[in-house]
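Down below is the structure, laid out as structure tokens.
We name chains A, B, ... by the order of the sequence lines, and we start the count at 1 in each one.
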Number of protein chains: 2
Amino acid sequence: MSDADALHPAQLGTYFALMEAVSLLQHAVEQQLRAEGDLSYVQFQLLAHLADARQLTMTELADGVVYSRSGLTYQAGLLEKAGLVTRGPSPDDERATLVTITEGGLALVGRVLPGHIEVVRRLLFNPLTDEDLHDLGDIMTRVRDHMRAEPPRSAAPRKPRK
Amino acid sequence: MSDADALHPAQLGTYFALMEAVSLLQHAVEQQLRAEGDLSYVQFQLLAHLADARQLTMTELADGVVYSRSGLTYQAGLLEKAGLVTRGPSPDDERATLVTITEGGLALVGRVLPGHIEVVRRLLFNPLTDEDLHDLGDIMTRVRDHMRAEPPRSAAPRKPRK
DNA sequence: TATTGTTATACTCTATAACTATA
DNA sequence: TATAGTTATAGAGTATAACAATA
């Protein structure tokens with residue numbers, strides 16, 4: 001037995017606290033989005049990206065949202081059915097699909113965002129000082145960029161039977 | 001229009017970085033757990049709690065894992081079917097179900113944990129200094145405790161039509 | 001050939017409500 | 001009455017693989 005599990009207790013505790021806190025936050029945020037906009041978090045993310053860019057290809061939209069292509073097609077289909085986005089061919093690349101946010105989509109984001117922010121403020125930022133906020137932003141930005149750069153490392157070294 | 005959305009840009013950026021980083025981490029961790037132990041993250045969490053306590057009631061097991069009761073019953077059923085836990089009545093309270101981890105369950109946790117920790121170390125802790133680690137642990141512990149204490153605040157203030 | 005996106009399909013997970021049994 | 005847990009069921013989401021079309 002190696003000491004591969006010799007992660008410091010502090011590290012393990014930090015990891016679990018991080019995961020649990022975000023899990024709780026995500027749960028709260030999803031309730032708010034569902035109640036005020038009938039949106040899942042993923043759908044909100046997609047709309048938020050589109051509210052910023054107005055128009056993106058499926059591939060561009062997939063960046064920053066982890067999914068499989070088919071998952072994105074599914075979600076885009078839902079958003080289109082709800083009248084929040086439209087889909088059409090791209091003039092530049094005939095293979096691409098351009099997703100465009102509608103007025104209704106923009107309106108919905110505007111309607112949902114304040115409550116969303118309120119939840120985040122109450123749950124995440126309330127117990128933090130300005131310095132905490134700065135530290136957390138700095139740390140998580142670094143971690144995120146590091147993860148984005150990491151080679152996907154397809155799964156695991158080996159796969160014990162069963 | 002109120003200034004309800006006047007969350008500082010720094011706050012919004014921190015929030016998004018946090019959510020995205022954790023999303024990426026969770027994705028990576030789930031792949032590892034699936035590949036090396038055929039477990040979901042939830043199942044791993046349940047087994048990890050049980051590896052620590054050996055025996056818990058369903059209600060105790062539900063603490064720290066957000067779910068609905070039925071969701072927990074479902075997961076416990078899967079773990080039992082896989083031979084990783086057993087379920088039986090409690091001597092203290094005839095209503096309660098005692099969930100006990102088996103030797104196989106303990107072995108599986110032992111087999112999966114090193115790889116799990118390796119992924120967390122590589123993705124989360126690699127780009128962090130000791131001071132970052134300390135800050136992050138301190139911050140997220142405080143946030144988590146704050147969220148746990150928060151009144152569930154059932155959903156949202158009001159629900160715009162549509 | 002590689003890339004973009006969709007479809008078909010199967011599966012996992014989660015939540016709600018109704019129900020049983022014990023406290 | 002309240003609490004612990006299960007069941008039935010329905011719905012949302014995700015992934016894989018096969019496919020079509022364009023670059």
Side-chain angles (χ1 to χ4, degrees), chain A residues 23-24 26-35 37-47 55-63 65-82 84-100 152 154-155, chain B residues 23-24 26-35 37-47 55-82 85-100 152 154-155:
Chain A
S23 171
L24 289 168
Q26 194 148 15
H27 209 258
V29 140
E30 265 164 6
Q31 274 185 274
Q32 182 269 328
L33 289 173
R34 184 62 69 188
D38 199 34
L39 291 173
S40 68
Y41 185 68
V42 174
Q43 288 157 7
F44 170 73
Q45 278 183 300
L46 295 175
L47 284 182
Q55 195 172 65
L56 292 169
T57 66
M58 294 294 281
T59 297
E60 287 165 346
L61 204 45
D63 293 348
V65 184
V66 193
Y67 300 115
S68 56
R69 293 181 173 288
S70 68
L72 182 55
T73 297
Y74 171 74
Q75 291 296 345
L78 290 183
L79 293 178
E80 187 174 44
K81 199 175 306 179
L84 303 171
V85 307
T86 56
R87 279 186 290 184
S90 164
D92 304 337
D93 184 337
E94 295 264 345
R95 294 171 303 182
T97 295
L98 273 181
V99 184
T100 309
S154 38
Chain B
S23 172
L24 289 168
Q26 193 147 17
H27 209 258
V29 141
E30 265 164 7
Q31 273 186 273
Q32 182 269 330
L33 289 173
R34 185 61 68 188
D38 199 33
L39 290 174
S40 69
Y41 186 69
V42 173
Q43 289 159 4
F44 170 74
Q45 277 183 300
L46 295 175
L47 285 182
Q55 194 171 66
L56 293 169
T57 65
M58 293 294 281
T59 298
E60 288 165 346
L61 205 46
D63 293 348
V65 185
V66 193
Y67 301 110
S68 58
R69 292 181 173 288
S70 68
L72 182 55
T73 296
Y74 172 74
Q75 292 297 343
L78 291 183
L79 293 178
E80 188 174 43
K81 200 174 307 180
V85 307
T86 57
R87 280 186 290 182
S90 164
D92 304 336
D93 185 336
E94 295 265 344
R95 295 171 302 180
T97 296
L98 273 181
V99 184
T100 309
S154 36

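Side-chain proximity of B:R95 to the nucleotides D:dT6, D:dT3, C:dC13 is greatest for D:dT3. In this structure, the nucleotide among D:dG5, D:dT14, C:dT6 sitting nearest to the side chain of A:M58 is C:dT6. Checking C:dG5, C:dC13, C:dT22 against every side-chain atom of B:Q43, the shortest atom distance belongs to C:dC13. The side chain of A:E94 has D:dA23 as its nearest neighbour among C:dG5, C:dA17, D:dA23.
Remark: side-chain polar atoms of B:E60 are paired, donor with acceptor, to backbone N or O of B:T57 under 3.5 angstrom. Judged by distance alone, with hydrogens and angles left aside, the side-chain atoms of A:Q75 form no donor-acceptor pair with the main-chain N or O of A:L72 at under 3.5 Å. Side-chain atoms of A:Q31 never come within 3.5 Å of backbone atoms of A:A28 as a donor-acceptor pair (strictly under, hydrogens ignored).
C:dA15 atom C1' lies 12 Å from atom CD of A:Q31, rounded to whole Å. The OH-P distance, from B:Y41 to D:dG13, rounds to 22 Å in whole Å. In this structure, A:L79 places its CG atom 10 Å from P of D:dG13, rounding to the nearest Å. When the P atom of C:dC13 is taken as reference, atom CD of B:Q26 falls 13 Å away, rounded to whole Å. Atom pair A:D63:CG and C:dG5:C1' shows a separation of 15 Å (rounding to whole Å applied). Put simply, CD on A:E30 is 11 Å from C1' on D:dA12, counting in whole angstrom units. Distance CG (A:L46) to C1' (D:dA12): 15 Å, rounded to an integer number of Å. Rounded to a whole Å, the OH atom of A:Y74 is 13 Å from the C1' atom of C:dC13.
The nearest heavy atom of DNA chain D to A:D92 and to A:Q75 marks one nucleotide each, and the one closer to the 5' end goes with A:Q75.
Scanning all heavy atoms of the two residues, the minimum distance from B:P91 to B:L98 falls at CD-CD1, 3.9 Å. Contact detail for B:M58 and B:A76: the closest heavy-atom pair is CE-CB, 4.0 Å. Between B:Y41 and B:V29, the shortest heavy-atom contact is CD1-CG1, 3.7 Å.
Residue B:S40 is in sugar-phosphate contact alone, with no base atom involved, counting any heavy-atom pair closer than 4.0 Å across all strands shown. Across all strands, B:T97 comes closer than 4.0 Å only to sugar-phosphate atoms, never to a base (heavy-atom distances). When heavy atoms are screened at a 4.0 angstrom cut-off, B:L78 is found touching the sugar-phosphate backbone but no base atom. A:L72 comes within 4.0 angstrom of nothing in the nucleic acid, heavy atoms only.
Under 4.0 angstrom from either OP1 or OP2 of C:dT6 there lies no side-chain N or O belonging to A:R69. In terms of phosphate contacts, A:R87 brings a side-chain nitrogen or oxygen within less than 4.0 Å of OP1 or OP2 of C:dT6. Between B:H27 and D:dT14, a side-chain N or O to OP1/OP2 separation shorter than 4.0 Å is absent.
Side-chain N/O atoms of B:S70 and base N/O atoms of C:dT14 include no donor-acceptor pair closer than 3.5 Å.
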